[in-house]
Amino acid sequence: MSNHSEKPANARDDWTIDQGWSDYTADEHVVWDLLYKRQMDVLPGRAAPEFLEGLKALDLGKGGIPEFEAMSDELESLTGWRVVAVPGLVPDEVFFDHLANRRFPAGQFIRKRNELDYLQEPDVFHDVFGHVPMLTNPVFADYMEAYGKGGLRSLDFAALKNLAALYWYTVEFGLIQTDEGLRIYGAGIVSSKTESIFALEDPSPNRIGFDLERLMKTDYRIDDFQQTYFVIDSYKQLFDATVKTDFAPIYDRMQGKFALKPEDVVANDAVITRGSQAYAKAGGRLAPVDGSK
Ligand SMILES: C[C@H](O)[C@H](O)[C@H]1CNc2nc(N)[nH]c(=O)c2N1
Ligand SMILES: N[C@@H](Cc1ccccc1)C(=O)O
Ligand SMILES: [Fe+2]
């Protein structure tokens with residue numbers, strides 16, 4: 001299945017476009033500020049310290065949609081990463097090649113006021129607010145480059161879905177154990193107010209200690225809150241477990257299939273929370289609103 005539309009006429013061969021920062025309307029900058037404040041209502045005490053430090057280092061709260069070139073100059077001085085504008089989802093090999101070269105492809109558009117909570121394609125808020133702060137952390141920055149290189153390698157195997165699960169359960173929906181308790185580093189969680197609370201506090205989802213192969217063979221939700229969150233002990237653990245392991249045998253074993261469902265808990269799991277799955281069983285975000293309460 002194609003996870004992108006056709007390359008727009010205004011996109012370059014690498015699918016990048018000019019951000020056109022001066023073309024954003026005043027209201028689009030207000031939408032950024034609205035989303036930023038909404039997230040910062042819930043993220044202190046929930047987001048990983050490295051995420052909050054990254055937000056500050058790049059001054060993403062100074063007001064308005066960040067200008068990618070200036071933000072990239074600061075980011076590049078910290079970890080060598082730059083942010084490039086793309087129209088939306090790009091083909092796998094294009095995505096991986098950008099990451100392998102320390103270029104993070106960020107959506108140029110911003111969501112409308114009537115789609116604040118959920119949107120299909122990653123917009124500038126999800127990508128820049130959600131993903132970019134963690135790129136200021138040297139170990140995570142190295143992991144993301146390695147993931148890109150690994151992605152290019154994975155194209156030689158029929159196991160892209162298993163590698164995609166790794167991105168999904170770490171970069172998008174990862175949790176990290178800290179001395180103060182569980183914290184969020186996944187971009188998909190930090191860019192969602194409701195999932196930021198759900199992922200840490202709701203008894204519904206499983207929370208399971210990071211195990212590379214267990215994670216890569218687990219299916220995931222793309223349309224609702226996760227039913228399982230994986231927890232790393234450190235970004236170094238994540239880096240060491242992935243960069244130093246040859247995935248070829250894993251790809252051969254998994255063949256692009258998911259042996260486990262999103263809600264499964266299995267024998268060797270390092271179970272932190274055995275979830276009730278009450279949220280998913282009640283229909284998730286499409287559950288009928290119970291007017292009787
Ligand atoms: C597995 C696959 O590479 C992954 O879903 C990619 C596809 N293309 C993308 N394109 C953009 N712009 N952003 C993304 O996060 C992704 N994800
Ligand atoms: N070790 C993986 C490459 C990779 C590194 C880091 C993250 C994801 C994938 C391989 O052998 O293909
Ligand atoms: Fe994302």
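Fair warning: this is a prediction, and the values are worked out from it, not measured in the lab. One-based numbering, in listed order, for ligands and for the atoms of each.
- Close approach of ligand 2 to Gly150 (heavy-atom distance below 4.0 Å) involves ligand atoms 3 (C), 4 (C), 9 (C).
- Using a 4.0 Å cut-off to heavy atoms of Leu166, the atoms of ligand 2 that qualify are 8 (C).
- Looking only at N/O/S atoms, Glu172 comes nearest to the Fe ion (ligand 3) through OE2.
- Not a single heavy atom of Ala106 sits closer than 4.0 Å to an atom of ligand 1.
- The salt bridge (charged side-chain N to carboxylate O under 4.0 Å, His left out) search around Arg102 returns Asp142, Glu145, not counting sequence neighbours.
- Taking a 6.0 Å sphere around CG of Asp13, one finds it holds 12 or fewer heavy atoms contributed by other residues, nucleotides or ligands.
- For ligand 2, the atoms sitting less than 4.0 Å from at least one non-hydrogen atom of Thr245 are 1 (N), 2 (C), 10 (C), 11 (O), numbered in the order shown with element in parentheses.
- Interface atoms of ligand 2 facing Asp246, defined by a heavy-atom separation under 4.0 Å, are 11 (O).
- Any N or O atom pair closer than 3.5 Å counts here, and Thr242 shares at least one such pair with ligand 2.
- For atom 12 (O) of ligand 2, the closest non-hydrogen atom on the protein side is Arg153 NH1, 3.0 Å.
- In terms of N/O distances under 3.5 Å, ligand 1 is not approached by Pro91.
- In this structure, atom 9 (C) of ligand 2 lies nearest to the protein heavy atom Phe247 CE2, 3.4 Å.
- Counting just the N/O/S atoms of His131, the one with the shortest distance to the Fe ion (ligand 3) is named NE2.
- Nearest heavy-atom pair, Asn206 versus Gly275, reported as atom, atom and distance to 0.1 Å: OD1-N, 2.8 Å.
- Ligand 1 lies less than 4.0 angstrom from a heavy atom belonging to Phe96.
- Ionic pairing of Asp97 and Arg103 is present here: one or more N-O contacts between side-chain nitrogen and carboxylate oxygen are shorter than 4.0 angstrom.
- The shortest N or O to N or O distance between Asp92 and ligand 1 is below 3.5 Å.
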